[in-house]
Amino acid sequence: MARQEDGPQDAPAVRLNGVRKLYGDVVAVDHVDLAIDRDEFFTMLGPSGSGKTTCLRMIAGFERPDEGAIELGGSDVTGVPPFERDVNTVFQDYALFPHMSVGENVEYGMRIRKVPKDERRRRASEALELVRLGGYEDRRTTQLSGGQRQRVALARALVNRPAVLLLDEPLGALDLKLRQQMQDELRTIQGEVGITFVYVTHDQEEALTMSDRLAVFNDGRIEQVGAPADVYEHPANEFVAGFVGVSNIVERDGRRVTIRPEKVRILEEPDRGDGFEVEEGRIREVSYAGMVTRFVVELDRGGELQVVRQNLEMSSQDALEQRGRRVRVGWAGEHAYAIPEAATTEEDS
Amino acid sequence: MGRRLTGFLWRHPRAQLGLLLSGPVGWLVIAYLGSLAVLFVASLWQLDDFSGEIVHDYGLQNFQELWETPVYRTIVGRTVAIAAAVTVTDAILAFPIAFYMAKVATPRVRALLVVAVLMPLWSSYLVKVYSWRIMLQESGIVNWLLEPFGLHGPGFGNVATWLVFSYLWLPFMVLPIYAGLERIPDSVLDASGDLGGKPWMTFRRVILPLALPAVVAGSIFTFSLTLGDYITPQLVSSTQFIGNVVYANVGIANNLPLAAAFATVPVAIMIVYLLIARRLGAFESL
């Protein structure tokens, strides 16, 4: 297997240069440029059909770009088949080999590279230990739960110590609890093994929790790349503002302004909201979600804002009685972020 | 009345099932298992050499005769060998076709290929075998094509039998393998490549083991269809199959008991074959 170590040490782990991919007439990926650093937990976030999975598959080598180049560790791999790339993939449906035991699945990559049997055994059991499935070597994959299969798939990929690990919505099929637990575990494992993770998801919360940096995909293009806090607080355009977090956009003085729902306060008397931007409105909708209550406030100056409030004292009964009430809302000036004009796609409509 | 019956059946699901299955089960037991039983009983009777009458005494003389007569052993050997050769040939031919259909072709091309594979089954068996007879005869197209290269076709004989059977039963091998390959998720093949498996490795370690039950399922058809046939050998060969001996004994020699005894041989071979096939997981693939 050709290890991609001939490139310069400071080269990014993965780089896409003007990559474009068509399926028939449909542009799946449209001139994407991207550089992913070494040992980074990088997330490609976007709705389905936005090109993120196609990008991942091109990095893995399952798809060939129609234009542009892909580099791994500084060397061009655009024409290199998947079995010669130093990356491994965790598939959305896990893609475990059904005719092999858990141990044989994990050893598959090493067996192909003719790693001696003893070493294979040892490394496979270490990898299974890492994903907390020690002693599962002889199980059939059909006997495992979804979460366990997911971890076998992770062990099977990690055991080869690839330069880059690609994860294609690996938690998509798990229930919420297991998902959150696996999110934490994935982060911990990434810290332990020190491998670049490229993670594809459509779940913005997952992206914000796990990533060092993330790229927001839309319509085959990247709308924004940045650290989670950066993308969340300073969305580059309306799409990002709406997709990452809740779309909370109002037009004020000719500018489109976004304010995150948790930054807006409902001001109770006698709070005057000193130092805040204050507006009046009416609560149009209330939904009680256990930990928090969500309000939709219709503003007198036009537009609507979603407001999220922690249920410190409020019961569900109290919450629901708020509907229709007139309120004053306020937010700190620095939390109202004006979306840059240029990035909107007004000319299309 | 109808309403009361419906109500009764709804309350008694077993009665409903019984009513539903009585027809097919009756047919299966009487027409299939019954005739097999009669066949086996008849194989224990014997023919009075002098009068030519069937004597209803039970004994294993027919089987003894089959075992001890060299020509019968040769015929069994030939039948099984050609059936095996046809099965292997069809498996080798069918696999790439089925793989292309299941994993490479676009849905449109796939539908066309399914039709193309099934199309030969729409025409008469006899027409197809006679066509081969015409192609293979001395002045036929096969010799005409081979002549410029200084070659000569197989003529009529075992090779022709093997060729024609391989042609006839190919669809019965393609379809099960196609179904088996289609059940392998693409991501599993991607995973093998991703883990460093070159295409040949992926074929040997992933595709073949996963498709093997389907190949065995297809082989049940090609093997048993060849085993029981007697028309093709008659038309494109001068050598005999088990079926030809059975046919001759029923008609010309009028030795029904010996015919029955010989007819149980392929049944026995198929039983052994199916037991092996079951161990290889072929029935999960049907």
Side-chain angles (χ1 to χ4, degrees), chain A residues 1-3 23-24 53 56-63 80-100 104-115 124 141-142 149 152-162 164-170 173, chain B residues 91 95 98-100 102-112 176-218 276-286:
Chain A
M1 196 158 154
R3 294 252 154 196
Y23 292 112
T53 296
L56 193 84
R57 290 178 61 80
M58 286 193 286
I59 298 171
F62 304 134
E63 313 276 351
V80 175
F83 48 87
E84 283 172 6
R85 294 192 189 191
D86 191 14
V87 299
N88 284 122
T89 308
V90 177
F91 292 85
Q92 190 171 13
D93 63 353
Y94 319 140
L96 299 179
F97 304 121
H99 58 302
M100 296 182 197
E104 286 168 331
N105 262 284
V106 178
E107 284 178 37
Y108 187 84
M110 293 186 285
R111 223 168 117 185
I112 279 170
R113 274 180 286 118
K114 304 209 164 57
V115 175
T141 55
T142 45
R149 281 181 208 195
V152 175
L154 186 62
R156 183 178 71 175
L158 278 175
V159 78
N160 306 296
R161 297 169 195 154
V164 180
L165 186 76
L166 308 172
L167 302 104
D168 184 9
E169 308 214 16
Chain B
F95 211 102
F99 187 83
Y100 183 81
K103 292 290 168 206
V104 184
T106 59
R108 218 181 113 82
V109 174
R110 180 179 311 161
L112 283 172
I177 299 182
Y178 163 66
L181 287 173
E182 215 186 17
R183 272 199 294 248
I184 305 176
D186 291 345
S187 63
V188 169
L189 307 187
D190 280 346
S192 173
D194 185 70
L195 292 163
K198 294 191 171 67
W200 168 248
M201 230 7 150
T202 301
F203 176 76
R204 208 170 55 113
R205 292 205 188 277
V206 179
I207 299 174
L208 199 58
L210 287 175
L212 188 68
V215 176
V216 177
I276 296 169
R278 196 180 66 169
R279 290 206 59 166
L280 293 172
F283 295 116
E284 283 114 67
S285 257
L286 279 175

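Below, chain A is the first sequence line, B the second, and so on; all start at residue 1.
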Task: Residue selection (most heavy-atom pairs with chain B, distance under 4.5 Å) from A:Val90, A:Asp168, A:Asp93 - done: A:Asp93

Task: Which of A:Gly61, A:Ala157, A:Gly109, A:Pro81 touches chain B most, by non-hydrogen pairs under 4.5 Å - done: A:Gly109

TODO: Would you mind reporting whether A:Tyr94 and A:Val152 have side-chain heavy atoms less than 4.5 Å apart?
DONE: no

- [ ] Evaluate the side-chain proximity of A:Leu167 to A:Leu154: yes if any heavy-atom separation is below 4.5 Å, no if none is.
- [x] yes

Open item on the list: Nearest 0.5 angstrom please: A:Arg111 CZ to B:Leu195 CG, how far?
Closed with: 12.5 Å

Task: For B:Phe99, ring pair (Phe, Tyr, Trp, His ring centres under 6.0 Å) partners two or more places apart - done: none

Is [X] in contact with chain B via its backbone, its side chain, both, or neither, using a 4.5 Å heavy-atom distance?
{"X": "A:Leu166", "result": "neither"}
{"X": "A:Arg57", "result": "side chain"}
{"X": "A:Met110", "result": "neither"}

Task: Aromatic plane relationship, B:Phe95 with B:Phe203 - under 30° parallel, 30 to 60° tilted, over 60° perpendicular - done: perpendicular

